[in-house]
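I have placed the structure first, in the form of structure tokens, so that the comments after it can refer back to it.
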Number of protein chains: 2
Amino acid sequence: MFGFRDIEIIRAIVRHGGFRAASDATGLAQSAISRRVRHLEDRMKISIFERDGRGVRLTAAGRRLVDEAEILVTQRDRILGELTQGVMAGVVRLGVAETMTHTILPRMLTDLRTRHPQLRFEISVDTSSQISQLLIDDGLDVAIMMRDQLPRGISMTPLPSVTLGWFAASSHFRLPRPAGIDDLAALPIVSFPKGTLPHRQVVNLLSPGRKTAAAIHGSASLATVLHLVRQGFGIGTIPHDIAAAWPHTGLEEIEVLPEARLPDLDFSICYMPERNDEIGREVTRAAVEAGADRSDNEINTAHN
Amino acid sequence: MFGFRDIEIIRAIVRHGGFRAASDATGLAQSAISRRVRHLEDRMKISIFERDGRGVRLTAAGRRLVDEAEILVTQRDRILGELTQGVMAGVVRLGVAETMTHTILPRMLTDLRTRHPQLRFEISVDTSSQISQLLIDDGLDVAIMMRDQLPRGISMTPLPSVTLGWFAASSHFRLPRPAGIDDLAALPIVSFPKGTLPHRQVVNLLSPGRKTAAAIHGSASLATVLHLVRQGFGIGTIPHDIAAAWPHTGLEEIEVLPEARLPDLDFSICYMPERNDEIGREVTRAAVEAGADRSDNEINTAHN
DNA sequence: CTCGATATCACGGAAGCCAAACATGCTACG
DNA sequence: CGTAGCATGTTTGGCTTCCGTGATATCGAG
């Protein structure tokens with residue numbers, strides 16, 4: 001086995017041409033170098049230097065060792081520098097609700113990548129409650145989710161609200177304009193997965209005092225929801241942003257009465273300042289700016 | 001600063017979920033782990049674990065450290081394994097005379113690469129005397145050169161002789177067939193660089209008792225020699241193999257009298273067994289086999 | 001209070017420093 | 001030509017500092 005110190009010392013010996021010169025270069029006593037090298041050779045059972053009266057030269061094995069191990073020292077120093085000099089690097093574990101992956105996430109990641117090329121992201125897409133739990137358990141560094149149950153000590157920054165609409169595939173269903181709650185409840189509905197806040201909101205909106213419970217299907221995958229709605233499986237509750245992002249899928253917003261309107265979704269970007277103050281702040285900044293961009297974009301898409 | 005041991009210990013703590021468990025896993029005492037981690041944190045001025053009554057968890061900085069440094073341990077173990085288990089790896093410093101780069105070298109390297117994918121080559125092309133000196137000074141591991149002055153203790157394996165011919169660009173010079181020494185000496189000659197054995201041989205062949213010294217130009221680059229001869233700058237002394245390798249350059253061998261024939265070049269593959277026994281043997285084997293192939297090839301090209 | 005965890009304290013061994021010994025090549029002188 | 005002296009470099013022996021062990025103190029949660 002060999003350590004970083006061994007490599008540094010061997011490198012110094014090679015570079016300066018001997019134990020003596022290496023001792024000056026490293027600040028170690030020359031005797032320490034001698035004994036260290038011998039000990040290392042004994043441990044690894046290879047000879048690293050060929051000695052004779054007037055100095056030492058690398059053996060073939062020694063040269064191989066230096067060539068290969070040099071890079072380790074370099075990398076160690078790089079890691080150390082990045083860690084202590086506050087360079088933003090490493091892996092950021094990011095949890096997002098799926099809706100966000102289609103809106104602010106791409107812009108946010110682009111922003112972060114240009115500012116901090118060393119950062120790597122590991123993105124989990126899940127329901128807000130799952131993400132919330134992961135954040136609490138230190139399974140995530142930053143989360144973008146709906147405020148569910150908020151643990152204490154968390155930092156939470158609101159993002160622009162996401163507005164929902166009722167959508168249907170063009171000409172699959174015949175509905176009055178505007179449609180009322182009863183009209184909607186009579187049809188199969190594809191919505192957010194069971195257990196999530198928007199799912200509960202849809203249930204609450206449609207259920208009270210109705211004879212037969214509305215057929216509400218949940219899907220954790222927005223792509224699946226879009227697909228099902230497009231195929232005429234039912235009508236769907238879909239964020240306006242998402243629908244606008246696929247303008248040619250044949251989806252059409254259903255005009256509804258005010259009482260049938262769906263509440264907005266309030267997303268927040270959250271992190272634990274105790275654990276991830278620096279990264280959390282920076283990701284939050286990027287998310288807020290991406291959200292601001294998104295507003296512009298919303299206006300643009302409204303023009304379409 | 002951190003060492004391999006630090007990383008291994010931190011990894012053990014993370015994997016087994018605490019100092020206590022890590023102490024069982026690593027065989028160290030629990031107190032040693034505690035103190036080591038604290039010292040490390042002090043030295044690096046970052047906090048790696050977040051402690052409370054019921055255990056420890058990685059901080060963000062700690063996770064970054066583990067993520068980035070894990071690979072260092074892996075690489076260290078790989079290097080150690082390769083060194084001690086006698087895998088042929090590392091960089092082989094190879095010195096060759098230029099003639100050889102066009103004959104056995106490509107086949108030899110292909111052979112070695114397929115048998116030892118871990119090997120890397122660093123190839124120097126120079127005159128035989130330079131290469132010889134480099135080999136003596138441990139600037140090369142293996143050399144392919146003409147035997148010049150041979151240091152003692154060297155291993156030398158002869159390779160097939162290289163035959164030389166006089167070449168000229170078609171129809172640039174008018175010579176009797178066969179040409180004699182005087183005919184050749186009257187023309188500008190492009191040959192091997194001054195100071196090399198074949199250059200001396202050309203000089204010796206042409207100079208004795210002549211009124212005006214023959215105009216012998218030297219070039220260390222075979223490509224340059226070929227170019228000059230092709231352009232009609234003069235006639236050249238070129239290995240048959242090389243000329244055969246460029247069959248469409250308009251070069252034509254000059255038919256000469258026996259007394260004007262050039263001596264063969266005797267190349268050998270050399271290494272210092274004291275320093276590079278294992279690699280030297282293997283490269284020698286590959287060179288000899290490539291030389292055998294070359295003989296076949298010579299016959300083939302003679303058919304063209 | 002008890003349990004399960006980490007932190008701390010006194011003591012032995014490896015790794016480091018200092019000084020002196022040892023090996024080798026070079027030079028100059030008899 | 002042989003050899004003493006010197007210059008240069010490595011190895012070897014005493015003495016201190018840091019790392020690992022074992023037992024004990026301390027702390028937080030249930």
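Quick caveat, the model's predicted, so the values are computed rather than measured. Protein chains get the first letters and strands the later ones, always in sequence-line order, with residue 1 at the start of each. Reckoned from all heavy atoms, side chains included, excluding hydrogens, waters and symmetry mates.
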Find the distance [X]:[atom1] to [N]:[atom2] and express it as a whole number of Å.
X: A:R57; N: D:dG9; atom1: CZ; atom2: P; result: 13 Å
X: A:R51; N: C:dT24; atom1: CZ; atom2: P; result: 14 Å
X: A:E50; N: D:dT10; atom1: CD; atom2: P; result: 14 Å

Practice prompt. May I ask you to decide if A:F192's main-chain N or O and A:H199's side chain share a donor-acceptor pair within less than 3.5 Å?
Written response: yes

Worksheet item: Do B:S268 side-chain atoms and B:M146 backbone N/O form a donor-acceptor pair below 3.5 Å?
Response: no

Worksheet item: Which part of the nucleic acid does A:A32 contact within heavy-atom distance under 4.0 Å: base, sugar-phosphate only, or nothing?
Response: sugar-phosphate

Please tabulate, for the side chains in residues 61-69 of chain A, all donor-acceptor contacts under 3.5 angstrom to protein atoms that are two or more places apart in sequence or on a different chain.
{"residue": "A:R63", "atom": "NH1", "partner": "B:V91", "partner atom": "O", "Å": "3.4"}
{"residue": "A:R63", "atom": "NH2", "partner": "B:D141", "partner atom": "OD1", "Å": "2.5"}
{"residue": "A:R63", "atom": "NH2", "partner": "B:D141", "partner atom": "OD2", "Å": "2.9"}
{"residue": "A:R64", "atom": "NE", "partner": "B:A89", "partner atom": "O", "Å": "3.2"}
{"residue": "A:R64", "atom": "NH1", "partner": "B:V87", "partner atom": "O", "Å": "3.1"}
{"residue": "A:R64", "atom": "NH2", "partner": "B:E82", "partner atom": "O", "Å": "3.2"}
{"residue": "A:R64", "atom": "NH2", "partner": "B:V87", "partner atom": "O", "Å": "2.9"}
{"residue": "A:E68", "atom": "OE1", "partner": "B:R78", "partner atom": "NH1", "Å": "3.4"}

Check nucleotides 26-30 of chain D against the protein and report each pair of N or O atoms closer than 3.5 Å, with its distance, or say if there are none.
none

Return yes when atom [atom1] of [X] has more than 12 non-hydrogen atoms of other residues, nucleotides or ligands closer than 6.0 Å, and no otherwise.
X: A:Q118; atom1: CD; answer: yes
X: A:R20; atom1: CZ; answer: no
X: B:R285; atom1: CZ; answer: yes
X: A:I123; atom1: CD1; answer: yes

Discussion item. Apply side chain to side chain contact (heavy atoms under 4.5 Å, CB included) to residues B:L94 and B:L105 and explain how you reach the verdict.
Written reply: CA-CA 10 Å; B:L94 198 58; B:L105 190 69; 4.0 Å; yes

Worksheet item: Where along residues 34-43 of chain B does a heavy atom fall under 4.0 Å from DNA chain C?
Response: B:S34, B:R38

Fill in: Contact residues, residues 6-20 of chain B to DNA chain C [heavy atom, < 4.0 Å]
B:G18, B:F19, B:R20

Discussion item. Test: side-chain hydrogen bond (donor to acceptor under 3.5 Å, both in side chains). Region: residues 22-41 of chain A. Which pairs qualify, not counting sequence neighbours?
Written reply: A:D6-A:R36, A:E41-A:R51

Fill in: Cationic N near anionic O, under 4.0 Å, A:E70 to A:R11
yes

Worksheet item: Are any of the side-chain nitrogens in A:D138 or A:R93 under 4.0 Å away from the carboxylate oxygens of its partner?
Response: yes

Worksheet item: Contacts to DNA chain D from residues 24-31 of chain A, heavy-atom cutoff under 4.0 Å, which residues?
Response: A:Q30, A:S31

Response to the item:
Heavy atoms of B:M156 and B:P158 approach each other most closely as O-CD, 4.0 Å

Practice prompt. Indicate the atoms forming the closest heavy-atom contact of B:L135 with B:R275, along with that distance.
Written response: O-NH2, 2.6 Å

Worksheet item: When you match A:V56 and B:R5 each to their closest nucleotide on DNA chain D, which lands nearer the 5' end?
Response: A:V56

